[in-house]
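Here the structure is laid out as structure tokens; the discussion comes afterwards.
The structure displayed is predicted, hence computed values, not measured ones. Note on naming: letters A, B, ... go to the chains in the order of the sequence lines (proteins, then strands), and numbering restarts at 1 for each one.
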There are 2 protein chains.
Amino acid sequence: MNLKQLSEHLNLSQTTVSRALNGYPEVSESTRTRVLKAAQDLNYRPNLRAKGLATGRALAIGHVIPVSNQHEMVNPVFGDFIAGAGESYAREGFDMMLKLVPDSDETRAYEDIRARGTVDGIIVHGPVINDERIALLSRIGLPFVVHGRSTDVALPYSWIDVNNRGAFERGTQFLIELGHRSIALLNGLEHMDFAFRRRKGYETALRNHGISVDASLMRSEEMTEIYGYRAAKEMLSRSKRPTAFVCSSIITAIGVRRAVHEAGLVLARDVSIITHDDALSYLENGDDVPIFTALRSSVRYAGAEAADMLLSLIAIPKNAPKTRLLEADLIIGRSTGPAVT
Amino acid sequence: MNLKQLSEHLNLSQTTVSRALNGYPEVSESTRTRVLKAAQDLNYRPNLRAKGLATGRALAIGHVIPVSNQHEMVNPVFGDFIAGAGESYAREGFDMMLKLVPDSDETRAYEDIRARGTVDGIIVHGPVINDERIALLSRIGLPFVVHGRSTDVALPYSWIDVNNRGAFERGTQFLIELGHRSIALLNGLEHMDFAFRRRKGYETALRNHGISVDASLMRSEEMTEIYGYRAAKEMLSRSKRPTAFVCSSIITAIGVRRAVHEAGLVLARDVSIITHDDALSYLENGDDVPIFTALRSSVRYAGAEAADMLLSLIAIPKNAPKTRLLEADLIIGRSTGPAVT
DNA sequence: AGGATTTTCCAAAGCGCTTTGAGTTTCGCC
DNA sequence: GGCGAAACTCAAAGCGCTTTGGAAAATCCT
């Protein structure tokens, strides 16, 4: 059943039927209801491909993941983010497209996305410091919103981000106030912008309290469980071991906890842990009383917001870039306590 | 730059250019290379929407997630699966589309997917027992592959699944052979087909060894960490506590481990754990020596296989349904030991 | 009643591509 | 040299929808 058949069935022109269906004013109410009824009865649905071809809109949003950073896709944080975004899209009748793009020829890849015309805009994931994609996308004129920011990029662009620097400064300071002086940082990969900012925050807190930054207490890797375990195991085996850990993800924190247990130490008494991103759907941070003291901000909410920003950018292209900085809350859990001196 | 402009630039007809580009034989090699070169130089890319309209193919695959089961999307298992599928799609030039479909009017939703024409086929996630979607999709003729199976569905259909029943029977038997008699099952939601099968496997092993099935040792919930923790905490507080746990996911197993520690018990000595789905990207199960004894099968591989199956089904529609049963390996880790008697 | 509006409807031209059906060249062969 | 076959190339008709530029019908006004 297509438009033509429907209009023949109704003894109307395609124009009228199309207008009736799409809510244009130049069609009488009686005709409109008649058309709507027939469409319903005959199970008519417009072909989106044809519609897109005619209107130039695809009714779809792309989520772009650099292949180099493919693990991103499998990162539970990503799942939460797109779950949030998905809700917004569904509400507006948009589809969500996942795209793995090779980093070899990014220019080509993004131009491709634009030229193929299968999406109206994209969400850029995993921005690095001075991310070239931002200039590229601005140049080729594909609407986009970045999940995160990119230090050193001067151009205006739309983004939504959590205050990573502020959160880590706050968290580190919290540990310092508990008396900790030897605080380890288990960061994500520091070419990623969010991780870079987190380190800045951590360092700022230390400096503010006259504690020297010790490179041997800082690690930067993909935020897996095993990473947290290995790093903590090694650090805890030192003669002068750290008394606290700041982790970039609850998954890493779980690894640290494993190492703490294995070393026969007790959480919060011998070793404190504070973590960011603790509110993942399948890995909730305990219930009323959180397991880990955490810097919490809803990734899912960020996803929904990012989607809404992008949709409005697409609806009104001349709009100026929008930005949104979310603050993480410090949630006190059972993984932190005063430093033993 | 579109086909028309390109052909004008080359002084050829659109037909010839199109044929040259798409590898049709009725164009001379010299013309073809000339066209290819120009396309490259002028940065020409076909508009997929137009192409799709003309050919009737969308070059995209939909991954469909029932809204009721929306957590699925955020389940790390899902992330691994689509990462695997994504690789296959990328290789074949297909896009991946994520669709949240409301369960209220499934018939309508799936007919919609078909009529809108934005995908050539779909992967069905989270099949339940006697899943109606299978008959529905067969009827409306949209190619599909199910990740999992659906007990009680008689129709032939394409699926890829792991031998859940066999795996759980094997795992449970392994514990029995270690001397365990009081073995708890922390299963996923049992209206889901995979969980149903897992319980069957667990029960079979018990019965084979003359151990009675104890409903108080069986739980069925979404496989989160907190679920594992709560269930284990409760069970371990009993006067006659279970000596072993069979978990449906490493995330739940991590929760059980937490409860075990908290109760002052020692893993493998006082309580054994065996888990399925331990090979998630961000939650690797230790390194050389796995943390948990596990029933391992690569979800990522399953994703890639499912994608390949679907693509071949689309390429040759008259092909009979394909099925693929993967076996899980029993990997011995440090979470199991002989029962203390 | 008759002209000016307003309302309602339509034919046809795209959107960018593929593919059919046919025309024009070129080539091999007797 | 002339014929048929093979090799190239093309114009035009879709694919299913939107939208422009009017036309026809209904309504209003004096």
Side-chain angles (χ1 to χ4, degrees), chain A residues 1-36 38-39 42-60 93 95 111-120 315, chain B residues 1-36 38-39 42-60 93 95 111-120 315:
Chain A
M1 169 62 56
N2 59 24
L3 228 211
K4 189 173 175 196
Q5 296 168 324
L6 179 61
S7 58
E8 278 165 3
H9 173 91
L10 283 161
N11 265 323
L12 290 172
S13 74
Q14 292 192 39
T15 314
T16 304
V17 176
S18 169
R19 289 193 159 147
L21 255 23
N22 293 307
Y24 281 67
E26 48 275 79
V27 55
S28 71
E29 255 341 286
S30 60
T31 312
R32 188 188 306 282
T33 53
R34 194 162 70 95
V35 171
L36 253 30
L42 297 175
N43 227 358
Y44 167 79
R45 266 125 181 150
N47 178 306
L48 272 203
R49 252 183 273 133
K51 193 163 183 166
L53 187 55
T55 59
R57 304 191 52 184
L59 292 181
D95 284 328
E111 279 175 350
D112 228 83
I113 289 176
R114 173 163 183 66
R116 287 163 67 112
T118 50
V119 299
D120 295 319
Chain B
M1 169 60 55
N2 59 23
L3 227 214
K4 188 172 175 198
Q5 296 168 327
L6 179 61
S7 59
E8 277 165 3
H9 173 89
L10 283 161
N11 267 322
L12 291 172
S13 73
Q14 292 191 40
T15 313
T16 305
V17 176
S18 170
R19 291 193 157 148
L21 255 23
N22 293 308
Y24 281 68
E26 50 274 82
V27 54
S28 70
E29 255 341 287
S30 61
T31 314
R32 187 188 306 280
T33 53
R34 194 162 71 94
V35 170
L36 254 30
L42 297 175
N43 228 359
Y44 166 79
R45 267 125 181 150
N47 178 308
L48 272 202
R49 250 183 274 132
K51 193 164 180 164
L53 187 55
T55 59
R57 305 192 48 183
L59 291 181
D95 284 328
E111 279 175 350
D112 227 83
I113 289 176
R114 171 162 183 69
R116 287 163 67 113
T118 51
V119 299
D120 295 317

**CA sep, side-chain torsions, deciding dist, call: A:Leu10, A:Thr16, side chain to side chain contact (heavy atoms under 4.5 Å, CB included)** = CA-CA 10 Å; A:Leu10 283 161; A:Thr16 304; over 6 Å; no
**Request:** Show your working on side chain to side chain contact (heavy atoms under 4.5 Å, CB included) between B:Asn2 and B:Asn47 and close with a plain yes or no.
**Result:** CA-CA 8 Å; B:Asn2 59 23; B:Asn47 178 308; over 6 Å; no
**Prompt:** How far apart are the C-alpha atoms of A:Gln5 and A:His9, what are their side-chain angles, what is the distance that settles it, and do they pass the side chain to side chain contact (heavy atoms under 4.5 Å, CB included) test?
**Reply:** CA-CA 6 Å; A:Gln5 296 168 324; A:His9 173 91; over 6 Å; no
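Residue A:Thr15 places none of its side-chain N or O atoms closer than 4.0 Å to OP1 or OP2 of D:dT19. Taking 4.0 angstrom as the limit, B:Tyr44 places a side-chain polar atom (N or O) nearer than this to OP1 or OP2 of C:dC17. The side chain of B:Asn2 contributes an N or O atom lying less than 4.0 Å from OP1 or OP2 of C:dG16. An OP1 or OP2 oxygen of C:dT19 is reached within less than 4.0 angstrom by a side-chain nitrogen or oxygen of B:Tyr24. Phosphate contact (OP1/OP2 of C:dC10, side-chain N/O of A:Thr16, threshold under 4.0 Å): present. Considering only side-chain N and O atoms, B:Lys51 lies under 4.0 angstrom from the phosphate OP1 or OP2 of C:dT18.
Between A:Arg49 atom CZ and D:dT18 atom P the separation is 15 Å, expressed in whole Å. For the pair A:Arg116 CZ and C:dC17 P, the interatomic distance rounds to 12 Å; values are reported in whole Å. Per the geometry, CE belonging to A:Met1 stands 13 Å off C1' belonging to D:dG16, to the nearest Å. Across the protein-nucleic acid pair, A:Lys4 atom NZ and D:dT18 atom P stand 16 Å apart, rounded to whole Å. For B:Arg32 and D:dT9, the CZ to P distance is 10 Å, given to the nearest whole Å. When rounded to the nearest whole Å, the span between CZ of A:Arg34 and P of C:dT8 equals 14 Å. For the pair A:Arg57 CZ and D:dC17 P, the interatomic distance rounds to 18 Å; values are reported in whole Å. Separating the CG atom of A:Leu12 from the C1' atom of D:dT18 is a distance of 17 Å, rounded to the nearest angstrom.
At the heavy-atom level, B:Thr55 lies under 4.0 Å from the strands shown only through sugar-phosphate atoms. Residue B:Leu48 is out of contact with every strand shown, counting any heavy-atom pair closer than 4.0 Å. At the heavy-atom level, A:Ser18 lies under 4.0 Å from base atoms of the strands shown. Residue-level contact check: B:Arg45 touches the backbone only, with heavy atoms under 4.0 Å from sugar-phosphate atoms and none from bases.
Residues B:Glu111 and B:Arg114 are not paired through a salt bridge, judged by the lack of any N-O separation under 4.0 Å between the basic side chain and the carboxylate.
Each of A:Asn47 and B:Gln14 was assigned the nucleotide of DNA chain D with the nearest heavy atom; the assignment lying further toward the 5' end belongs to B:Gln14. With DNA chain D read from its 5' end, the first of the two nearest nucleotides for B:Leu53 and B:Asn11 is the one closest to B:Asn11.
Of the listed nucleotides (C:dC17, C:dG14, D:dG21), D:dG21 has the atom at the smallest distance from the side chain of A:Arg19. If you check D:dC8, D:dT18, C:dT8 against the side chain of A:Leu3, the one that comes closest is D:dT18. Between C:dG21, D:dG16, C:dC17, one nucleotide has an atom nearer to the side chain of A:Ala50 than all others, and that is D:dG16.
With hydrogens and angles ignored, the 3.5 Å screen pairs no side-chain donor or acceptor of A:Arg49 with any backbone N or O of B:Leu48. In terms of modelled atom types and a separation under 3.5 Å, the side chain of A:Ser18 and the main chain of A:Gln14 share no donor-acceptor contact.
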